[in-house]
Amino acid sequence: MANIIGLTGGIASGKSTVSNMLKAKGFTVVDADVAAKKVVEPGKRAYEHIIKTFGKGILLEDRSIDRKKLGALIFQNEDLRLKLNGIVHPEVQAWMAREKDRALGEGKKTVIMDIPLLFESRLTFMVERTILVYVDEETQLKRLMARNGFSEEEALMRIRAQVPLKEKTALADAVIDNNGGLVETKRQLEKIILKWNLEP
């Protein structure tokens with residue numbers, strides 16, 4: 001019986017680090033961020049729909065979508081954000097489901113569904129159990145400012161656009177506290193793999 005595990009976190013929580021640790025152990029990771037890029041490539045259905053909705057002003061010279069420009073638009077406008085999500089999310093879910101089925105068809109015993117907004121987008125139906133990568137807000141803020149060169153205000157705006165990680169801990173089946181170093185994070189991950197008896 002295959003295991004479908006949801007991996008989630010918040011912006012700058014270290015979810016990608018945990019995702020890479022799982023890949024290094026041979027696990028198949030189906031990444032929602034990769035899916036989100038794939039489904040908005042020129043010629044794809046979501047791409048056409050986005051241009052129809054937001055106009056050609058969001059395109060780069062090579063006709064691909066300027067993610068920064070689009071991001072700036074939707075971060076300040078809840079209606080536009082919901083509109084974009086309504087276009088992109090169904091396509092992302094379909095892409096991820098296909099990738100998961102392909103991995104299972106190849107005989108994989110566990111598929112990790114890496115979904116940043118797993119709880120916000122109510123996508124827990126896609127997985128059997130969930131792992132949350134947690135950091136406190138102070139750590140999250142510092143890491144995001146350092147990683148993206150954001151001002152404190154810009155970083156806070158992005159953090160607060162998501163459900164607080166503290167609230168998500170009650171929703172997850174397992175929590176990895178990523179406030180410490182990599183060794184400690186890896187130890188916690190290995191404990192979960194052992195406890196849930198997960199094999200690649």
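All residue numbers in this chain count up from 1 along the given sequence.
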[X] versus [Y], closest heavy-atom pair with distance:
{"X": "Met96", "Y": "Ile115", "answer": "CE-CG1, 3.7 Å"}
{"X": "Trp95", "Y": "Asp31", "answer": "CZ3-O, 4.0 Å"}
{"X": "Gly10", "Y": "Gln162", "answer": "CA-OE1, 3.3 Å"}
{"X": "Gln188", "Y": "Val175", "answer": "OE1-O, 4.0 Å"}
{"X": "Phe54", "Y": "Leu80", "answer": "CZ-O, 3.7 Å"}
{"X": "Ala35", "Y": "Val92", "answer": "CB-CG1, 3.8 Å"}

Could you state whether Val18 and Val111 fall into the same hydrophobic cluster, counting links through intermediate Ile, Leu, Val, Met, Phe, Trp or Tyr residues with side-chain heavy atoms under 4.5 angstrom apart? no
Tell me whether Ile193 shares a hydrophobic cluster with Leu7, the cluster being built from Ile, Leu, Val, Met, Phe, Trp, Tyr side chains joined at under 4.5 Å. yes
Just do the side chain to side chain contact (heavy atoms under 4.5 Å, CB included) check on Ile50 and Leu70 with the steps written out, would you? CA-CA 10 Å; Ile50 289 168; Leu70 187 56; 4.3 Å; yes
Val30 and Ile112: side chain to side chain contact (heavy atoms under 4.5 Å, CB included), yes or no, with the steps? CA-CA 6 Å; Val30 179; Ile112 310 293; over 6 Å; no
Find out whether [X] and [Y] are in side-chain contact, i.e. whether some heavy atom of one side chain is under 4.5 Å from a heavy atom of the other.
{"X": "Glu184", "Y": "Asp177", "answer": "no"}
{"X": "Ile5", "Y": "Glu128", "answer": "no"}
{"X": "Ile131", "Y": "Trp196", "answer": "yes"}

No-hydrogen, no-angle side-chain donor-acceptor test under 3.5 Å, Asn77 and Asp79: no
Is it the case that Asn20 and Thr17 place a side-chain donor and acceptor less than 3.5 Å from each other? no
Once you round to the nearest 0.5 Å, how far does [atom1] of [X] lie from [atom2] of [Y]?
{"X": "Tyr134", "Y": "Asn178", "atom1": "OH", "atom2": "CG", "value": "11.5 Å"}
{"X": "Ser64", "Y": "Glu41", "atom1": "OG", "atom2": "CD", "value": "9.5 Å"}
{"X": "Tyr47", "Y": "Ile87", "atom1": "OH", "atom2": "CD1", "value": "13.5 Å"}
{"X": "Met113", "Y": "Thr124", "atom1": "CE", "atom2": "OG1", "value": "12.0 Å"}
{"X": "Lys56", "Y": "Ile65", "atom1": "NZ", "atom2": "CD1", "value": "13.0 Å"}
{"X": "Arg102", "Y": "Lys108", "atom1": "CZ", "atom2": "NZ", "value": "10.0 Å"}

Can a donor-acceptor pair be found, under 3.5 Å and without considering hydrogens, that links the side chain of [X] to the backbone of [Y]?
{"X": "Thr139", "Y": "Val135", "answer": "no"}
{"X": "Ser13", "Y": "Gly9", "answer": "no"}
{"X": "Thr130", "Y": "Asp173", "answer": "yes"}
{"X": "Thr169", "Y": "Lys166", "answer": "yes"}
{"X": "Thr8", "Y": "Leu132", "answer": "no"}
{"X": "Glu154", "Y": "Ser151", "answer": "yes"}
{"X": "Gln140", "Y": "Ile11", "answer": "yes"}
{"X": "Asp114", "Y": "Ala32", "answer": "no"}

Can you list the steps and then say if Val34 with Lys38 is a side chain to side chain contact (heavy atoms under 4.5 Å, CB included)? CA-CA 6 Å; Val34 171; Lys38 294 269 186 200; 4.2 Å; yes
Can you establish whether the number of heavy atoms outside [X] located under 6.0 Å from its atom [atom1] is more than 12?
{"X": "Lys186", "atom1": "NZ", "answer": "no"}
{"X": "Glu78", "atom1": "CD", "answer": "yes"}
{"X": "Glu106", "atom1": "CD", "answer": "yes"}
{"X": "Leu182", "atom1": "CG", "answer": "no"}

Listing request: all salt bridge (charged side-chain N to carboxylate O under 4.0 Å, His left out) pairs with a residue in residues 60-70, at least two apart in sequence or in separate chains.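 Matches after skipping sequence neighbours: none remain.
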Results of salt bridge (Lys or Arg N to Asp or Glu O under 4.0 Å) for Glu48 - residues two or more places apart only: none
